[in-house]
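Below, chains carry the letters A, B, ... as their sequence lines are ordered, and counting in each starts from 1.
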Amino acid sequence: MKLNEDFFNRDCLEVAPDLVGKLIVRKLDDNSYIKMRITQTEAYRGEDDKACHASKGKTNRTQTMYMAAGTIYVYICYGIHYLMNIVTEKEGIPQAVLIRCCEDNEGPAKLTKSLFVDKSFNGESIIENSKIWLESDGYLPLIKTATRVGIDYAGEEWKNKPWRYIDINLSK
DNA sequence: TCTCCGATTCACT
DNA sequence: GTGAATCGGAGAA
């Protein structure tokens with residue numbers, strides 16, 4: 001079944017582990033489908049979280065994170081890679097969950113590449129969308145936590161938060 | 001305007 | 001293990 005707004009309208013620390021094991025469904029222009037199971041996510045929690053882009057406040061770039069739960073936040077990293085997040089919590093609270101890895105796939109930039117996701121998806125809703133959405137098929141993952149990746153600039157307190165969630169069975 | 005640097009990946013030593 | 005690719009956001013000038 002498709003994930004609805006209630007699923008995303010919670011704290012990102014609840015949504016992030018719950019997204020592990022869910023399926024991303026992508027419908028392409030030629031009507032073919034791609035389905036991938038999420039194996040790894042990371043939570044970015046609002047303006048206080050120094051690793052979160054929104055820690056700088058609301059700007060042209062981060063305004064997407066202030067939108068309603070279930071909004072897709074795509075941004076360019078290092079000038080060449082697209083990373084995809086799902087916004088959580090109600091409008092006005094800048095939280096997001098980064099989709100980091102899927103089955104048969106390593107790395108958030110490879111993920112968006114194989115799903116043909118680019119910046120045009122930024123600001124779209126993933127709840128009511130004919131091109132991409134999320135489903136649950138009842139699979140229950142076994143989850144372990146770890147620190148987030150690539151955020152050394154955020155300082156000791158924030159870079160050590162165990163806000164990365166990994167499916168033990170589907171990751172190596 | 002100008003400068004610095006990133007929620008990464010890949011090629012090369 | 002090291003460094004290049006590559007561009008737009010954010011902050012300073």
Taking only the side-chain heavy atoms of A:C77 (C-beta and beyond), determine which of B:dA7, C:dG9, B:dT9 contains the nearest atom.
-> B:dA7

From B:dA7, C:dA10, B:dT9, pick the nucleotide closest to the side chain of A:Y75?
-> B:dA7

If you take all heavy atoms of [X] and [Y], which pair is closest and at what distance?
{"X": "A:M67", "Y": "A:T71", "value": "CB-OG1, 3.7 Å"}
{"X": "A:K131", "Y": "A:D29", "value": "CE-OD1, 4.4 Å"}
{"X": "A:F8", "Y": "A:V15", "value": "O-CG2, 3.9 Å"}

Would you find a donor on one side and an acceptor on the other, under 3.5 Å apart, between the side chain of [X] and the backbone of [Y]?
{"X": "A:S136", "Y": "A:L23", "value": "no"}
{"X": "A:N9", "Y": "A:E5", "value": "no"}
{"X": "A:K22", "Y": "A:D18", "value": "yes"}
{"X": "A:T145", "Y": "A:R164", "value": "no"}

Report each atom pair, protein N/O against N/O of nucleotides 1-6 of chain C, whose distance is under 3.5 angstrom.
unit_1, atom_1, unit_2, atom_2, d
C:dT6, O2, A:Y78, O, 2.5

Distance test, side-chain N/O of [X] to OP1/OP2 of [N], below 4.0 Å:
{"X": "A:H53", "N": "C:dG9", "result": "no"}
{"X": "A:R164", "N": "B:dA7", "result": "no"}
{"X": "A:K161", "N": "B:dA7", "result": "no"}

Six-ring centre of A:F7, A:R10 cation under 6.0 angstrom, axis tolerance 45° | yes

Please confirm whether A:R26 makes a cation-pi placement over A:Y33, using NZ or CZ under 6.0 Å from the six-membered ring centre and within 45° of the ring normal.
-> no

In residues 145-154 of chain A, what residues come within less than 4.0 Å of DNA chain B, judged by heavy atoms?
-> A:V149, A:G150, A:I151, A:Y153

Stepwise, does the salt bridge (charged side-chain N to carboxylate O under 4.0 Å, His left out) test hold for A:K2 with A:E135?
-> CA-CA 4 Å; A:K2 238 164 139 172; A:E135 288 181 1; over 6 Å; no

Report the distance from atom [atom1] of [X] to atom [atom2] of [N], rounded to the nearest whole Å.
{"X": "A:L83", "N": "C:dG9", "atom1": "CG", "atom2": "C1'", "result": "14 Å"}
{"X": "A:K50", "N": "B:dG6", "atom1": "NZ", "atom2": "P", "result": "17 Å"}
{"X": "A:I76", "N": "B:dT9", "atom1": "CD1", "atom2": "P", "result": "15 Å"}
{"X": "A:Q40", "N": "B:dA7", "atom1": "CD", "atom2": "C1'", "result": "12 Å"}
{"X": "A:E106", "N": "B:dT9", "atom1": "CD", "atom2": "P", "result": "8 Å"}
{"X": "A:N85", "N": "B:dT8", "atom1": "CG", "atom2": "P", "result": "11 Å"}
{"X": "A:Q63", "N": "C:dA10", "atom1": "CD", "atom2": "P", "result": "10 Å"}
{"X": "A:E42", "N": "B:dT8", "atom1": "CD", "atom2": "P", "result": "8 Å"}

For B:dA7 and C:dG1, measure between their P atoms and round to the nearest Å.
-> 22 Å

Decide side chain to side chain contact (heavy atoms under 4.5 Å, CB included) for A:T112 and A:D118; before the verdict, give the C-alpha distance in whole Å, the side-chain angles of both, and the deciding distance to 0.1 Å.
-> CA-CA 7 Å; A:T112 54; A:D118 61 27; over 6 Å; no

In sequence, state the C-alpha distance, the side-chain angles, and the governing distance for A:R37 and A:D137, and then conclude on salt bridge (charged side-chain N to carboxylate O under 4.0 Å, His left out).
-> CA-CA 10 Å; A:R37 192 180 303 279; A:D137 64 352; 2.9 Å; yes

Just checking A:K159: base, sugar-phosphate only, or nothing, at a heavy-atom cut-off of under 4.0 Å?
-> nothing

Stems formed with participation of DNA chain C [Watson-Crick or G-U wobble, under 3.5 Å, three or more pairs] = B:1-6 with C:7-12, B:8-12 with C:1-5

Tabulate atom names and distances for all N/O pairs under 3.5 angstrom spanning the protein and nucleotides 11-13 of chain C.
none

Other cluster members, A:L83 - Ile/Leu/Val/Met/Phe/Trp/Tyr, side-chain contacts below 4.5 Å = A:Y44, A:M65, A:Y73, A:Y75, A:V87, A:L98, A:I151, A:Y153

Would you please test A:D167 and A:K144 for salt bridge (charged side-chain N to carboxylate O under 4.0 Å, His left out) and show each step?
-> CA-CA 7 Å; A:D167 184 307; A:K144 70 172 179 182; over 6 Å; no

Pairwise side chain to side chain donor-acceptor pair (under 3.5 Å) hits with a residue in residues 77-90 of chain A, at least two apart = A:T88-A:Q95

